[in-house]
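Structure first, then comments.
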Amino acid sequence: MAKMVKNKGLVAKIAPEAEYIIQGKESGAYVFEPHFSSAQRGKATIGDAKVVVLTSNNYLDLATHPEVIVAAKTALEKYGTGTCGARLHNGTTELHVQLEKACAEFFHTEDAVVLSAGYLANLAVISALADDETIIITDQYNHMSIVDGIALTNAQVRIFQHNNLEKLEYILKNSSQFKQKLIVVEGVYSMEGDLAPLDEIVNLSEKYDASLLVDEAHSFGFIGENSCGVADLKNVSDKVHLRMTTFSKSLANVGGCIATDRKTAEYIRHNAHQYIFNASLPPATVAGTLAALKVLKKEPWRQEKLWENTIRFRHGLQKLGLSTMDSCSPIVPIYVGDDQKNMEITKELLAKGVYIATAIFPAVPKNESRLRATITAALSQEDIDFALQKIAEVFQKHGLIA
């Protein structure tokens, strides 16, 4: 039997939280990391139980699309399981180059830099471009990948209240001493489901000569006339300097990219540690992403189905008298407020055949816990109605519905 190694140096720091987590897992109270035993579509299997899936980023139901699977299999047989290297050395295949060109064409930019995760894409662009002569002006609800990217820089940082344009302008007006100004926002905010007022933010960026980075992770593929995101919806695509997206949502894969001009892209490739020192995406993943992008373009009914399902679900919640906050996207939060009650509701819904994730601090502010649904095109009307019925039962039990 192997000997157990104990980390004496960190025990005092980690023991209380680690013990709390272990107790939660052993008692069955732990609500995170359910073990899926099937693909995630409108329904999936967790353990032996069949559940309606209300938390999945498979927005357009492409994770099991036959063309995507065939493309990935073909690349796997041709290139093997991985490149075994970083992009600047042996980690670039012809498929990686094709994907970068496809992303640039989709966003109507000169170039695009593909990285191994959407999270890494935000780290890469922020850490590569911002220095000690930069001020980064960031929305308070920005994703943790943006927060972590900022932490890697020596830039000055100012935070403005969520979507508060007056505060944003106040900061810009008082930042003239900085050589570079970088505004960072999300197109759709990942825990609220609301949109950034990008047209007005673009106006401010031009007025005060600031660059603008928009994270389109939760809007790419189904928002805007060309499905390019909120910048597309607001008709300001050509005025946004840097656009980030991930492949793990609408394209149902993994990876991410920064779409921008040629010079900026090349600078990122040769200065971002996340590009230089990180293993590149496996060719099978790249091929699957390319195939998913093609399907996204030629099967617009998927976007239509996604929005039909989103409206049906949100209206159903509102009829029950539940708060969906300011959501106007397929991310539909259901406000609870109490962390413990939120986790209990998640467990009870799972037992009734509905999987929906819980969002508590630090993912959301303290005392603002919520269930976080992400609606997909894979759901049927029957799936949505079943889920609404079970949500009504559980919320009524907890006194959250009159």
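- Annotation: the span from Ile171 atom CD1 to Ile136 atom CD1 amounts to 12.5 Å, rounded to 0.5 Å.
- Heavy atoms of other residues, nucleotides or ligands lying less than 6.0 angstrom from NE2 of His89 number 12 at most.
- The pair Lys43-Glu382 does not count as a salt bridge, with every side-chain nitrogen at least 4.0 angstrom from each carboxylate oxygen.
- At least one donor-acceptor pair closer than 3.5 Å links the side chain of His270 to the backbone N or O of Glu266.
- Other residues, nucleotides and ligands contribute over 12 non-hydrogen atoms within 6.0 Å of the CD atom of Gln177.
- The backbone N or O of Ser145 sits less than 3.5 Å from a side-chain atom of His143, completing a donor-acceptor pair.
- The two atoms that bring Gly187 and Ser219 nearest to each other are CA-OG, 4.3 Å, heavy atoms only.
- The closest donor-acceptor contact from the side chain of Thr324 to the backbone of Ile334 lies at 3.5 Å or more, if one exists at all.
- In this structure, a donor-acceptor pair under 3.5 Å is present between the side chains of Arg87 and Thr92.
- In summary, the side chains of Thr376 and Asn58 do not present any donor paired with an acceptor at a separation below 3.5 Å, with no hydrogens or angles considered.
- Salt-bridge annotation for Asp139 and Lys167: absent, with no side-chain N of the basic residue lying under 4.0 Å from a carboxylate O of the acidic one.
- Proximity of a side-chain donor or acceptor of Thr374 to a complementary backbone N or O of Ile331 within less than 3.5 Å is not detected.
- Judged purely by atom type and a 3.5 angstrom limit, Thr260 uses its side chain to pair as donor or acceptor with the backbone of His241.
- Pairing each heavy atom of Ala124 with each of Leu115, the nearest pair is CB-CD2, 3.6 Å.
- Two residues are said to be in side-chain contact when any heavy atoms from C-beta on lie closer than 4.5 Å; Ser190 and Arg372 meet this criterion.
- Applying side-chain hydrogen bond (donor to acceptor under 3.5 Å, both in side chains) to Asp61 and the options Arg41, Lys305, Gln40 leaves one that passes, Arg41.
- When atom types are taken as modelled, the side chain of Asn90 and the backbone of Cys84 share a donor-acceptor pair closer than 3.5 angstrom.
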- Item | side-chain hydrogen bond (donor to acceptor under 3.5 Å, both in side chains) between Asp215 and Asn122, intermediate numbers included | CA-CA 8 Å; Asp215 180 332; Asn122 272 335; 2.9 Å; yes
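- Side chain to side chain, Asn154 and Asp131 fail the donor-acceptor criterion of an N or O pair below 3.5 Å.
- When atom types are taken as modelled, the side chain of Thr346 and the backbone of Asn342 share a donor-acceptor pair closer than 3.5 angstrom.
- More than 12 non-hydrogen atoms from other residues, nucleotides or ligands lie less than 6.0 angstrom from NZ of Lys297.
- The ring pair (Phe, Tyr, Trp, His ring centres under 6.0 Å) test applied to Tyr79 returns no partner, not counting sequence neighbours.
- Side-chain contact of Ser280 with Thr83: a donor-acceptor pair under 3.5 Å is present, judged by distance alone.
- Partners of Tyr267 according to the ring pair (Phe, Tyr, Trp, His ring centres under 6.0 Å) rule, which considers only residues two or more places apart in sequence or in another chain, do not exist here.
- Residues Asp194 and Val188 fail the side-chain proximity criterion, which asks for heavy atoms closer than 4.5 Å.
- The closest side-chain donor-acceptor pair between Tyr119 and Asp148 falls under 3.5 angstrom.
- Trp307 contributes a side-chain N or O that, together with a main-chain N or O of Phe222, makes up a donor-acceptor pair within less than 3.5 Å.
- The closest donor-acceptor contact from the side chain of Gln180 to the backbone of Thr134 lies at 3.5 Å or more, if one exists at all.
- One finds the CG atom of Asn367 at 11.5 Å from the CD1 atom of Ile360 (value rounded to the nearest 0.5 Å).
- A side chain to side chain contact (heavy atoms under 4.5 Å, CB included) with Asn253 holds for exactly one of Thr246, Leu62, Leu290, Thr285; it is Thr285.
- Heavy-atom contacts from other residues, nucleotides or ligands closer than 6.0 Å to CG of Asn235 number 12 or fewer.
- Using a 4.0 Å cut-off between charged side-chain N and carboxylate O, Lys294 and Glu67 make no salt bridge.
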- Message: Pair Leu251, Leu296 - check side chain to side chain contact (heavy atoms under 4.5 Å, CB included), show working.
- Response: CA-CA 8 Å; Leu251 299 182; Leu296 182 154; 3.8 Å; yes
- Message: Test ring-ring contact (aromatic ring centres under 6.0 Å, His included) on Tyr189 and His162; report intermediate values, then the result.
- Response: CA-CA 10 Å; Tyr189 285 87; His162 181 51; 4.5 Å; yes
Identify every side-chain donor-acceptor pair in residues 204-213 under 3.5 Å, counting partners at least two apart or on other chains, and give the distances.
residue	atom	partner	partner atom	Å
Ser205	OG	Val202	O	2.7
Lys207	NZ	Glu169	OE2	2.8
Tyr208	OH	Glu169	OE2	2.7

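- A donor-acceptor contact shorter than 3.5 Å links the side chain of His96 to the backbone of Leu281.
- For the pair Ile21/Tyr30, a side-chain contact is recorded, criterion being any heavy-atom separation below 4.5 Å from C-beta on.
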- Message: Would Glu100 and Arg269 count as a side chain to side chain contact (heavy atoms under 4.5 Å, CB included) here? Give the steps.
- Response: CA-CA 12 Å; Glu100 288 182 331; Arg269 287 189 180 99; 3.2 Å; yes
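- At most 12 heavy atoms of other shown residues, nucleotides or ligands fall within 6.0 angstrom of atom NZ in Lys239.
- Counting heavy atoms from C-beta outward, Leu152 and His273 have side chains that stay 4.5 Å or more apart.
- In this structure the side chain of Arg370 reaches within 4.5 angstrom of the side chain of Glu192, judged on heavy atoms.
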- Task: Output, in order, the C-alpha distance, side-chain angles, deciding distance and verdict of side chain to side chain contact (heavy atoms under 4.5 Å, CB included) for Tyr335 and Leu322.
- Result: CA-CA 7 Å; Tyr335 185 81; Leu322 295 173; over 6 Å; no
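- For Leu76, the CG atom is densely surrounded, since the number of other residues' heavy atoms within 6.0 Å is greater than 12.
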- Query: Can you list the steps and then say if Lys397 with Glu348 is a salt bridge (Lys or Arg N to Asp or Glu O under 4.0 Å)?
  - Reply: CA-CA 10 Å; Lys397 174 190 171 182; Glu348 291 173 25; 3.4 Å; yes
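- With a 4.5 Å cut-off on side-chain heavy atoms, Ser327 and Arg314 count as touching.
- A heavy-atom distance below 4.5 Å is not found between the side chains of Asp383 and Phe313.
- Here CD1 of Ile223 is found 10.0 Å from NZ of Lys234. Values are rounded to the nearest 0.5 Å.
- In this structure, Glu133 does not pair ionically with Lys181, as no charged nitrogen and carboxylate oxygen lie closer than 4.0 Å.
- Remark: Lys341 does not engage Glu344 in a salt bridge, criterion side-chain N to carboxylate O under 4.0 Å.
- Checked for salt-bridge contact, Glu77 and Lys73 miss the test: no charged N lies under 4.0 Å from a carboxylate O.
- Between Phe160 and Tyr170, the ring centre distance reaches or exceeds 6.0 Å.
- Side chains of Tyr59 and His218: a donor-acceptor N/O pair is present below 3.5 angstrom, by distance only.
- Using a 4.5 Å heavy-atom threshold, the side chains of Val295 and Arg302 count as touching.
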